[in-house]
Amino acid sequence: MLELAPSPPPPPTPSLRRDLPRNFDFSLLANCRTVRETKQVHALSLKTGAFDHPPTAAKLLALYAGPEINDLRYARSVFDQIPQPALPSWNVIIKCCVENRHSHDALCLFRELVRDFTPDGFTLPCVIKGCARLSAVEEGKQIHGLALKIGLGSDKFVESSLVSMYSKCGCIASARKVFDGMDDKDLVCWNALIDGYARCGEIEQALEVFNEMPERDAFSWTVLVDGLSKCGKVEAAREIFEKMPSRSLVSWNAMINGYMKSGNFNSARKLFEDMRMRDLITWNSMIAGYDLNGRFREALDMFNCLIKEGFTPNHATLVCALSSVSGLATLSMGSCIHSYMVKNEHPLDGVLGTSLIEMYSKCGSIESALAIFHSISKKKLGHWTAIIVGLGMHGMASPALQLFGEMRKAGIKPNAITFVGVINACNHAGLVDHGRHYFEMMEKEYGIEPTAEHYGCLVDLLCRAGRVKEAKYVINTMPMKPNKVMWMSLLSGSRIQGNQKVGEYAARHVIELAPETIGCYIVLSNIYAAAGKWDKVSQVREMMKKKGIRKEPGCSSIEHKGMLHEFLVGDKSHLQTEQIYSKLTEMRERLKLAGHVPDTSQVLLCIEEEEVKETELENHSERLAIAFGLINVNPGSPIRIMKNLRVCNDCHSVTKLLSCIYDREIIVRDNSRFHHFKSGLCSCNDFW
DNA sequence: TTAGGGTTAG
């Protein structure tokens, strides 16, 4: 008989469970309330070896991830140091990722988790919420399948999160199916369904479900208020808001947000002022709303008030504030926010890094934008795109294209916006063939279908180079209807080439699409004037008069000592007006000595006499801003100006001369790009 | 010894 060999004793499993060291008091953890306290106990746990005791590490993780501290970075670093985390610790870190908008990380963690564990009823709602945040409906469906497989298909927490996930992903029918199959319908799933109907604009259905509910609490009313205002029915939302039996802070916030998004700033402001208590979301809704609607100054005023009232801005606040700074080009305000971010250790490896790069390039400091870009170790697509767009705006095509090459080498796949940046960079430098090359690369190598914006770039690229016939061919053969911008490009291109026929053709289309476009009449009349067709010039003038079209007043601004100074054409409202106008006189004399002859060809046609035209040029808003800068900005510092319109030819040559005469760097942001004037030259090489 | 779903900003 064959004797079986006795099975060898199992190898000793290395025990992870260590006893708590005597010199560490576990109850310390129970008393931690702040990050500071938690960090102290954390340090002690590392020093005494208590961190190796799994309950200690788990508790530390829960503290960092919990609602009071909620610091994903610390939570993640603790989690990563736990050798074999138990399922609850996985659940904690996954939830923390989702709450902090790192749902992609949450899904990656989940994939790791299922290798060793069967997820439980705590895990699934968190990952399903993560899918909802990412609109990852396919992944959501897979997890739905998994839930059914492991017997969690009728867990009411899982079911509610599925209703919510399908609703948020626009699959309202699937949401309804899960809802209808639920045995135990509590308030949460009813609310999720109302939210779902409201989100897809099915207001009637949302109201029907609301009325069918066995009971309603404040939460359900808020869902409805938010849903209605998000569908643009802000007045209906207000009616519900007024009818609510009790209003929570969230309902006030939802109402304010609804008003702000619809541009009803007064009503929002009124509610904001009537509130007894405000939280950071209240402030963020106001700031985001102003920023979104181009009311940058009000957004920044709000931001300053928020700081004054002792609130701590978060990631969302900073993103909006930086965007408004970019809108106004107030560099010193932007630098202040940047310093604040550094001091408070806000990481730049996400959207904030992108916002900062964008802010510095839009405020004219491409050097700072580059410095931020290079300081980010894990560069993501957004960072690359922001710097490429920024360099393009500053006319720095070759570094932009070089970085684009580096980005591709690093294995980062450009998206449609990156290509807009790349082609635009070519536009501003006149690199026609490069631009075409990248336009083709987009579809061939990356399968990105060009949008109207890309075609617009291509048309602009060809037109600026005077290749009007090719541009016209593109317009006539592209798969979408040409828009106003493309026709305007073609019109400008025709002027460069002196092609009256194509010019008239393009102008006709602009007038058809947007008859209020002032630039169209001006360029057209310039084409006629250049050909000496004065009767046509007066016809255009008559047409403008009849349509009551007026020129948008030129406005230039300059920031000095934290204040924004704005100048309109011929403005005399500034406190330093007297000094500014005597500076203008001095500038005129020095320009004359330098041999400057005013180029009056672009002055609006209604002005007849040469002398009046010249005066009009001299009072252009950017000249007033330059005069202000020469008086007030420290010698040696660049003068930074922002203008709402395109810089005119005469101002362009004058600014070049002034940079030489006064030995000053002058940086001008116009409505499409930057000009760096230095030693008599401009970075755009007179190509803009 | 740790933990779950529904509303407000981004």
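In the text below, chain A, chain B and the rest are named by the order of the sequence lines, each starting its count at 1.
- Annotation: of the two residues near DNA chain B, A:Thr123 and A:Asn284, the 5′-most nearest-nucleotide partner is A:Thr123.
- Looking at heavy-atom distances under 4.0 Å, A:Asp217 makes contact with a base.
- Put simply, A:Lys129 has a side-chain N or O that comes within less than 4.0 Å of OP1 or OP2 on B:dG6.
- Between A:Asn257 and the phosphate of B:dA9, there is a side-chain N or O to OP1/OP2 separation shorter than 4.0 Å.
- Distance from the side chain of A:Thr222 is smallest to B:dT7 among B:dG4, B:dG10, B:dT7.
- Using a 4.0 Å cut-off between a side-chain N of Lys or Arg and a carboxylate O of Asp or Glu, A:Glu242 and A:Arg247 qualify as a salt bridge.
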Test salt bridge (charged side-chain N to carboxylate O under 4.0 Å, His left out) on A:Lys141 and A:Glu138; report intermediate values, then the result.
CA-CA 5 Å; A:Lys141 279 183 190 163; A:Glu138 283 311 314; 3.6 Å; yes
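- Across all strands shown, A:Leu61 has no heavy atoms under 4.0 Å from either base or sugar-phosphate atoms.
- Interatomic distance, SG of A:Cys320 versus NE2 of A:His315, reported as 10.0 Å (0.5 Å rounding).
- Phosphate proximity of B:dG5 to A:Lys185: absent, as no side-chain N or O sits under 4.0 Å from OP1 or OP2.
- Side-chain nitrogen and oxygen atoms of A:Lys168 include at least one within less than 4.0 Å of the OP1 or OP2 phosphate oxygen of B:dT7.
- Using cut-offs of 30° and 60° for the angle between ring planes, the A:His42 and A:Tyr74 rings count as perpendicular.
- If you check every strand for non-hydrogen atoms under 4.0 Å, A:Val250 touches a base.
- Ring stacking is absent between A:Phe157 and B:dG5, as the pair misses the limits of under 5.5 Å between centres and under 30 degrees between planes.
- Dashed line: the shortest gap from a side-chain N or O of A:Lys95 to OP1 or OP2 of B:dT2 is not under 4.0 Å.
- Each of B:dG5, B:dG10, B:dT2 was ranked by its minimum atom distance to the side chain of A:Arg101; first place goes to B:dG10.
- Closest to the side chain of A:Val223, from the set B:dA3, B:dT7, B:dT1, is B:dT7.
- A:Asp120 comes within 4.0 angstrom of a base, heavy atoms only.
- In this structure, A:Trp190 does not count as stacked on the base of B:dG6 under the 5.5 Å centre distance and 30° plane angle limits.
- Phosphate contact (OP1/OP2 of B:dG10, side-chain N/O of A:Lys261, threshold under 4.0 Å): present.
- Of the candidate nucleotides B:dG4, B:dT8, B:dT2, B:dT2 has the atom lying nearest to any side-chain atom of A:Ser89.
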